[in-house]
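All chains are named by letter (A, B, ...) in the order of the sequence lines, taking the proteins before the strands, and each is independently numbered beginning at 1.
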Protein chains: 2
Amino acid sequence: MKRNTWQRSAVRTALDDQEAFVSAQQLHLQLRKDGTGIGLATVYRALADLASIGEADTLQSEEGEALYRACSTGKHHHHLICRECGATVEFEANDIEEWAKRVAREHGFSNPEHVVDVFGVCAKCSKLK
Amino acid sequence: MKRNTWQRSAVRTALDDQEAFVSAQQLHLQLRKDGTGIGLATVYRALADLASIGEADTLQSEEGEALYRACSTGKHHHHLICRECGATVEFEANDIEEWAKRVAREHGFSNPEHVVDVFGVCAKCSKLK
DNA sequence: TCACTTATTGACAATGATTATCAATAGCGA
DNA sequence: TCGCTATTGATAATCATTGTCAATAAGTGA
């Protein structure tokens with residue numbers, strides 16, 4: 001049976017506070033700074049749990065590090081991510097869903113899923129240049 | 001100045017022979033089986049080179065491992081990848097390029113790039129079930 | 001062809017993220 | 001409160017990838 005521990009809710013809260021995608025390591029550091037004595041392995045476990053129940057999104061950084069972000073919605077969505085600061089906007093795109101299905105079908109592929117994320121430089125970071 | 005070594009061409013050839021995305025480790029193993037005494041670090045270096053000059057595509061596996069595949073074209077393209085066997089089809093999608101630009105602009109993001117890959121089960125693997 | 005410069009190689013160590021281990025702790029139902 | 005066991009956390013283990021550096025070999029000019 002699933003138990004409610006302060007560690008799990010601390011991880012969820014810390015993730016909710018993040019605007020950008022963050023790594024388990026970063027989140028662990030933040031939680032330590034906040035005065036909690038939470039262990040690294042626990043952060044990894046909590047994040048994996050959140051991802052598995054769909055409350056967190058995950059993607060791999062350029063360097064292969066796993067990054068997490070709290071989902072604002074349970075619905076399927078995509079991300080627009082700032083390359084500079086990591087700020088992320090979630091959005092839906094029904095055309096894309098249809099398009100992906102069509103492309104898959106045309107090539108004889110079934111059971112399609114897709115990874116569609118857009119990277120760019122957000123307005124704030126553009127101004128700083 | 002860049003030098004041409006048998007190691008580099010061996011890696012390129014081995015990569016060309018692969019239908020699916022493969023890891024550096026897998027390719028190294030294959031090259032060893034083929035009788036070459038090529039070193040692991042060399043395979044990593046050669047793959048990084050190929051990727052940097054646009055002759056190989058790269059993506060991260062579910063487990064965070066870096067996977068490579070020979071590009072059949074130098075043009076921008078996307079992938080349709082079989083979840084079962086890894087078989088990959090390259091395709092272009094001009095609508096998507098436009099769409100990504102528009103989404104980015106609408107949110108004040110500049111300099112957009114995008115990651116668009118579709119996963120599914122190819123016809124061959126579907127039959128095996 | 002030959003010597004020479006230096007890019008490249010490869011064995012091995014080092015790094016760094018993630019996962020496994022396992023005894024100690026702490027939810028939660030009774 | 002008691003007892004069972006899921007969870008935690010310190011630490012070790014794993015594993016892909018990168019750094020190191022002496023030895024090798026590609027390409028160049030004589």
Q | Short side-chain to backbone donor-acceptor contact, B:R69 and B:T58, under 3.5 Å | A | no

(Q) How many whole angstroms separate atom CZ of B:R3 from atom P of D:dT24? (A) 15 Å

Q) With a 6.0 Å cut-off on ring centres, are B:H114 and B:H78 close enough? A) yes

Q: Return the residues of residues 24-39 of chain A meeting this criterion: a heavy atom under 4.0 Å from some atom of DNA chain D. Order them by number, or give none.
A: A:R32, A:G37, A:I38, A:G39

Q) Over how many whole Å does the gap from B:E65 atom CD to D:dT14 atom C1' extend? A) 13 Å

Q: For B:M1 and for B:A41, find the nucleotide of DNA chain C with the closest heavy atom, then tell me which residue's nucleotide is more 5'.
A: B:M1

**Q.** Residues A:K124 and A:E84 bridged, charged N to O under 4.0 Å
**A.** no

Q.
Tell me whether A:T88 contacts the main-chain N or O of A:I81 through its side chain, where contact means a donor paired with an acceptor under 3.5 Å.
A. no

Q. How close or far is atom P of D:dA16 from atom CD of A:Q60, stated in whole angstroms?
A. 14 Å

Q: Under the side-chain contact (heavy atoms from CB on, under 4.5 Å) rule, what do B:E55 and B:L15 come out as? Steps first, then yes or no, please.
A: CA-CA 10 Å; B:E55 299 202 357; B:L15 194 61; over 6 Å; no

Q. Quick one: the side chain of A:R45 and the base of D:dG9, do they pair up donor-acceptor inside 3.5 Å?
A. yes

Q.
From CD of B:Q7 over to C1' of D:dT24, roughly how many Å is that when rounded to an integer?
A. 10 Å

Q) For the residue pair B:H79 and B:F21, is the inter-centroid distance of their aromatic rings smaller than 6.0 Å? A) yes

Q. Could you state the CG-C1' distance from A:L47 to C:dA17, rounded to the nearest angstrom?
A. 13 Å

Q.
Just the rounded figure in Å: distance from P of C:dT19 to CG of A:D49.
A. 12 Å

Q | Atom-to-atom span, OH of B:Y44 to P of D:dA16 - whole angstrom | A | 7 Å

Q. For DNA chain D, whose closest nucleotide is more 5', that of B:G64 or that of B:N4?
A. B:G64

(Q) Looking at B:R102 and B:E106, is there a salt bridge between them, counting it only when a charged N and a carboxylate O are closer than 4.0 Å? (A) yes

Q) Any side-chain N or O of A:T5 under 4.0 Å from OP1/OP2 of D:dT8? A) yes

Q: Calculate the interatomic distance between A:L40 atom CG and C:dG16 atom P; express it in whole Å.
A: 14 Å

